[in-house]
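Take a look at the structure set out below.
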Amino acid sequence: MLRILDARTGEPVPAAPARRGLTRIEAHASGLDPTGLRVLLTADLLVRALEVGGTPVWTILTAPRDRPELRAVATRLAVRPFEDDRDLASGLGEAQLLHVAQRGTEDVLGEGPVVSVAPVEWIPGGERGEAGDRGVGGEAEDAPGPGAGAGAGAGAGAGPEADPGRTAGPVPPAPLPLLLSDPSVLRLALLAVPRSEPARLDPTALDDAARSLARWRRAVAGWARRPSRPVPAEVRDRLRAAWEDDLDLPAVLGVLRDVESAPGIPDGARFETYAYADRLLALDLARDIGGPA
């Protein structure tokens, strides 16, 4: 059962307390900015995790401005379409109402558990922390990503203590055109950071995500040429345990890294594992199937 941490109480609660009961998710985006996009992404992950478990979901977007633009960007990020909140009517019969919102806004929301999302910070320069040196997919490669040549900074998921030399002051806004130059790369870079921690992105972090995504897509295309094998039961259990534990997406990515290199797993099983996980991740990992070897 998927459990999420309710920001109001600090306690874990079932995301869908009634088995297969309709769950309504309200994504509260403050505007067209990277943190707003992270809120939409978190709502999408919640929807996908519930649907994998067989729970029907009704999702709406609330925002004080920029709704058409937010919907358009959400589509580019592979976020499931939102219903129009004006279509809501009493008597839907939902068993649960969940709010997904930026951290610090819990007191202004209506009733129901709150899934809190930390902000996104753009770091155009500075020292990278240890977490960023490895990259979201493990070992780095030399293929350029969307941030190549744009400078260096703190890596995704570096955390507030990973950059002791960082000076206090306002953080400049992230350039949306750069972040959205490859939406799948941005999605992966954000998935690599626990949503309770600020996502500190820079061009190097985007490059790391681009390299990892390219490597995984090449690997999946190669594994697809091998005879299919089922997802190993232990691997499936680890994946489900990770995303059902308050949507622990970094742990899900860690399972994929292990499967990528673990001895004794048939390539066909690696393929099915990545395809299964991509139902949640939505990184289009099978995109390169059928392309040149």
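Each residue takes its place number in the sequence, starting with 1. What you see is a predicted model; the values in this text were computed from it and never measured.
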Remaining members of hydrophobic cluster (4.5 Å side-chain criterion), Leu5: none

In short, salt bridge (charged side-chain N to carboxylate O under 4.0 Å, His left out) pairs touching residues 37-57 with sequence neighbours left out are Asp44-Arg48, Asp44-Arg187, Glu51-Arg80

Taking atom types as modelled, is there a side-chain donor on Trp216 or Glu260 under 3.5 Å from an acceptor on the other? yes

Heavy-atom check, side chain of Leu40 versus side chain of Val73, under 4.5 Å: no

Would you check if Thr55 and Gln96 make a side-chain contact, meaning some heavy-atom pair closer than 4.5 Å? no

Between the OG atom in Ser184 and the CG atom in Leu191, the distance rounded to the nearest 0.5 Å is 10.0 Å

With heavy-atom distances below 4.5 Å as the criterion, would you say the side chains of Leu201 and Leu190 are in contact? yes

Test your reading of the model: is there a side-chain donor-acceptor pair from Arg103 to the backbone of Pro119, 3.5 Å cut-off? no

Test side chain to side chain contact (heavy atoms under 4.5 Å, CB included) applied to Val13 - qualifying residues, sequence neighbours left out: Ile4, Asp6, Pro113

Mind checking whether Leu41 and Leu186 have side chains closer than 4.5 Å, heavy atoms only? no

Side chains of Leu285 and Leu213, heavy atoms from C-beta outward: is any pair under 4.5 Å? yes

Tell me the side-chain hydrogen bond (donor to acceptor under 3.5 Å, both in side chains) pairs involving residues 27-36, sequence neighbours left out? His28-Thr62, His28-His99

Those residues at least two apart in sequence (or on a different chain) that pass side-chain hydrogen bond (donor to acceptor under 3.5 Å, both in side chains) with Asp267 are Arg270

Flag the pair Glu106 and Arg8 as a salt bridge only when some basic side-chain nitrogen lies within less than 4.0 angstrom of an acidic carboxylate oxygen. no

Which residues satisfy the side-chain hydrogen bond (donor to acceptor under 3.5 Å, both in side chains) test with Arg238, sequence neighbours excluded? Asp258

Residues Asp208, Arg211: salt bridge by 4.0 Å N-O rule: yes

Which residues pass the side-chain hydrogen bond (donor to acceptor under 3.5 Å, both in side chains) test with Asp66, sequence neighbours left out? none

Please collect all ring pair (Phe, Tyr, Trp, His ring centres under 6.0 Å) contacts where either partner lies in residues 194-215, sequence neighbours excluded, each pair once. none

Residues forming a side-chain hydrogen bond (donor to acceptor under 3.5 Å, both in side chains) with Gln102, sequence neighbours excluded: none

Hydrophobic cluster partners of Leu109 (side-chain heavy atoms under 4.5 Å): Val108, Val114

For the student: nearest non-hydrogen atoms of Ala7 and Ser116, plus distance: CB-CB, 3.6 Å

Using the side-chain contact (heavy atoms from CB on, under 4.5 Å) definition, which of the options Val235, Val52, Leu280 pairs with Arg240? Val52

Apply ring pair (Phe, Tyr, Trp, His ring centres under 6.0 Å) to Phe271 and list each qualifying residue two or more places apart in sequence or on a separate chain. none

Contacts satisfying salt bridge (charged side-chain N to carboxylate O under 4.0 Å, His left out) that involve residues 274-290 (not counting sequence neighbours) are none

